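Note on naming: letters A, B, ... go to the chains in the order of the sequence lines (proteins, then strands), and numbering restarts at 1 for each one. Atoms considered below: every heavy atom in the structure, side chains included; atoms not considered: hydrogens, waters and symmetry mates. Source: prediction; values computed, not measured.
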There are 2 protein chains.
Amino acid sequence: MSSPTPQPAKAATLHDVAREAGVSLITASRALTNPGLVSDKTIERVQQAVAATGYIPNLLAGGLKSRRSLMVAGLVPTISVPQFLPTVKALTETLDAAGYQLILGQSGYDHSREEKLLNTMLSRRPDGIVITGLVHSQQAREQLSRLGIPVVETWDLSDRPVDMMVGFSHVKVGSAVAGFFLSRGWQRVGIATGDDHRAMMRHDGFLAAIGRAVPTAIVPAPSSVEWGRRAMAQLLEKDPQLRAVYCSSDGFAQGLMIEAQSRGLRIPQDLAVCGFGDADFSAHLQPSLTTVHIDGAGIGRIAAQLIIDRCAGKTIDQPIVDVGFHIIERQSTAPA
Amino acid sequence: MSSPTPQPAKAATLHDVAREAGVSLITASRALTNPGLVSDKTIERVQQAVAATGYIPNLLAGGLKSRRSLMVAGLVPTISVPQFLPTVKALTETLDAAGYQLILGQSGYDHSREEKLLNTMLSRRPDGIVITGLVHSQQAREQLSRLGIPVVETWDLSDRPVDMMVGFSHVKVGSAVAGFFLSRGWQRVGIATGDDHRAMMRHDGFLAAIGRAVPTAIVPAPSSVEWGRRAMAQLLEKDPQLRAVYCSSDGFAQGLMIEAQSRGLRIPQDLAVCGFGDADFSAHLQPSLTTVHIDGAGIGRIAAQLIIDRCAGKTIDQPIVDVGFHIIERQSTAPA
DNA sequence: CTGTTAGCGCCTTCAC
DNA sequence: GTGAAGGCGCTAACAG
């Protein structure tokens, strides 16, 4: 009591709580984590002891024994692309509600970092892993399945999941947009895309549906408004008569529209534009932007639930979930 | 070898590595975390054993004894407001480079959740905490200082830090924008703002510098393009002759511009607009948006470094860092 | 419903 | 340079 040390008091442990409450260690433990096994009177005494001691559980210690860290690793290419934000948000919230915490990792758009980051994450012993995109490294794939930890690959689909998947087909998105352009009668079409794997899959689907090469501008991911302006300039150089262009993100599309408009082109009368992602601003641009809507929050919610269910020992009847997509037609692609 | 169990092989522990390498447990430990204490030959043997066993360190276990979790808790109001993204990104990257991992928490814009979230985070025994904004709850403040864990409050300044601070004065931002408007000779000014604490501080600074009440639109945080359109409508109802308006974010300002333009107002000739945050698109809007630039990435970097240094036992000579701000003048506030 | 025992995997402390 | 004990804080597995 008379200790003059200003240093932080050693944090209370469950031991202190148990002593304060006059019960054994394990009873205190159960009162907090499994109250069904303990009498109401005891629970109350323990809770009072918790308040009195200022006890904060140490999940690290508990996790060591129980082999449940209550953490889930989330890997995104980069946090600064708004596209994945609703997913990260829903992931965090759904996990939080179930007592799990998200630890965030940025893999960059470079696959070589993927393996290293994964190892860093694994050393935290997460109860699950949610990855934006597919796991590409074969070594990482094997390691993950060997470890047997729940993995959800998101924002894409393939027939070779590491474990579980929540996403949609980027190839189909590309061909759907191409089909939409063709249905409008637009033949002189172009594409502006970031160079990341998923955007390139959409690019491939677009080309396949068009059936021939088209003017293309490829920029380093993540694409941006600024890159959009440059991409538009490039495309108009390749074909000044371009009638419609598909862009790999809405911010990117906004940049193309700005550049086109600043060159006196009218959208959609002279040039139609379609984006991807349905950003919050897209409906409010002038003209409003036609885009492909993805339920990003849904992806996060479902991915989290898959992890939670798997950790709870439930069997997953549908380990691969296709959330689909749909084209939202707005003014930027209105018929002439 | 002939075990038919398809279940995950029990992950290798340091014990397995040591046996494989023919050294004791502790030598294996040192070879990995403190190679200076071990002979080169031993290090190599251990590293081979690591590769052979597929060993992944268990930081949970190590942290239990060493009392260093190598995790830092990061609290943001919500991940989905782009404003804090550069901070989160820089934070993640700087911490990662020093071997720390960020665990992300969303406190919402509701202070009551702050305490609960903080407790959840503390149960992971983070080595540091970075908070967006100030810690408001008195109980939380006391708890944090009692625990003695490094805390950085960011994106704001006050004279009563829990521990360390990296930010700038929102009141000064507000008065600077007001001063800028007045220097242009604009008297009929208005303000559109989200209702979060920091935006309201800017609001207060703005009003104080103007010296009287002005038409105001307050929307629930986080503000958005859509809220911007509504806010503009409200403001024009209050004063159809409004000459200049200050908005609490750039996306929000974009919404105001869109609404104003759709009503036939010319920006900046009829109405000038200033935003806050210098989003990536702001320079590219038509007209380009005048805004207040904050070095968000710098805040993240400095906050991470403060935590890292403190954990390394270094004394911090400057625990309160003012990163300042500056107004970026663009077309949306060009003089008549 | 409650308690005892025995670790989880690693690192600190002390010895050699 | 290396090793042997002991314990970080908690919880599974068994008793009673």
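Here the nucleotide nearest the side chain of A/N58, chosen from C/dC10, D/dG9, C/dT2, is D/dG9. Each of D/dC10, C/dG3, C/dC11 was ranked by its minimum atom distance to the side chain of A/R30; first place goes to C/dG3. Each of C/dG9, D/dG9, C/dT2 was ranked by its minimum atom distance to the side chain of A/T42; first place goes to C/dT2. Listed candidates were C/dC10, D/dT2, D/dG9. Nearest to the side chain of A/A61 is D/dG9. For A/T27, whose side chain is taken as the heavy atoms from C-beta onward, the closest listed nucleotide among D/dT2, C/dT2, C/dC10 is C/dT2.
When the shell of 6.0 Å around CG of A/D40 is examined, it contains 12 or fewer heavy atoms from other residues, nucleotides or ligands. By the 6.0 Å contact criterion, CZ on B/R68 is open, its count of non-hydrogen atoms from other residues, nucleotides or ligands being 12 or less.
For the pair B/R301 (side chain) and B/T87 (backbone), a donor-acceptor distance under 3.5 Å is absent. The closest donor-acceptor contact from the side chain of A/R67 to the backbone of A/L64 lies at 3.5 Å or more, if one exists at all.
Where B/L64 and A/S66 meet DNA chain D, the nucleotide closest to each residue was compared, and B/L64 sits on the side nearer the 5' end.
Between A/S39 and C/dT2 there is a side-chain N or O to OP1 or OP2 distance below 4.0 Å. For the OP1/OP2 pair of D/dG3 and a distance below 4.0 Å, the side-chain nitrogens and oxygens of B/S24 include at least one atom meeting the criterion.
Using a 4.0 Å heavy-atom cutoff across all strands shown, B/L37 reaches at least one base atom of the nucleic acid. Residue A/L59 is classed as having no contact, given no heavy-atom separation below 4.0 Å to the nucleic acid. No contact: B/L60 has no heavy atom under 4.0 Å from any strand.
We find that CG of B/L32 is positioned 16 Å from P of C/dG9, with the value rounded to whole Å. At whole-Å resolution of the value, CZ in B/R67 and C1' in D/dC10 are 13 Å apart. Across the protein-nucleic acid pair, B/R68 atom CZ and D/dC8 atom C1' stand 14 Å apart, rounded to whole Å. In this structure, CD1 of B/I56 is placed 11 Å from P of C/dC10, rounded to the nearest angstrom. Here C/dT2 presents its C1' atom at 13 Å from CD1 of A/I43, a figure rounded to the nearest Å. Counting to the nearest Å, the C1' atom of D/dT2 and the CG atom of B/L25 are 13 Å from each other. The interatomic distance linking A/K65 (NZ) with D/dG7 (C1') rounds to 14 Å, in whole Å. Atoms CZ (A/R124) and P (C/dC10) sit 14 Å apart, rounded to a whole Å.
A side chain to side chain contact (heavy atoms under 4.5 Å, CB included) with A/I316 is found for exactly one of A/D163, A/I307, A/D309, A/V321, namely A/D309.
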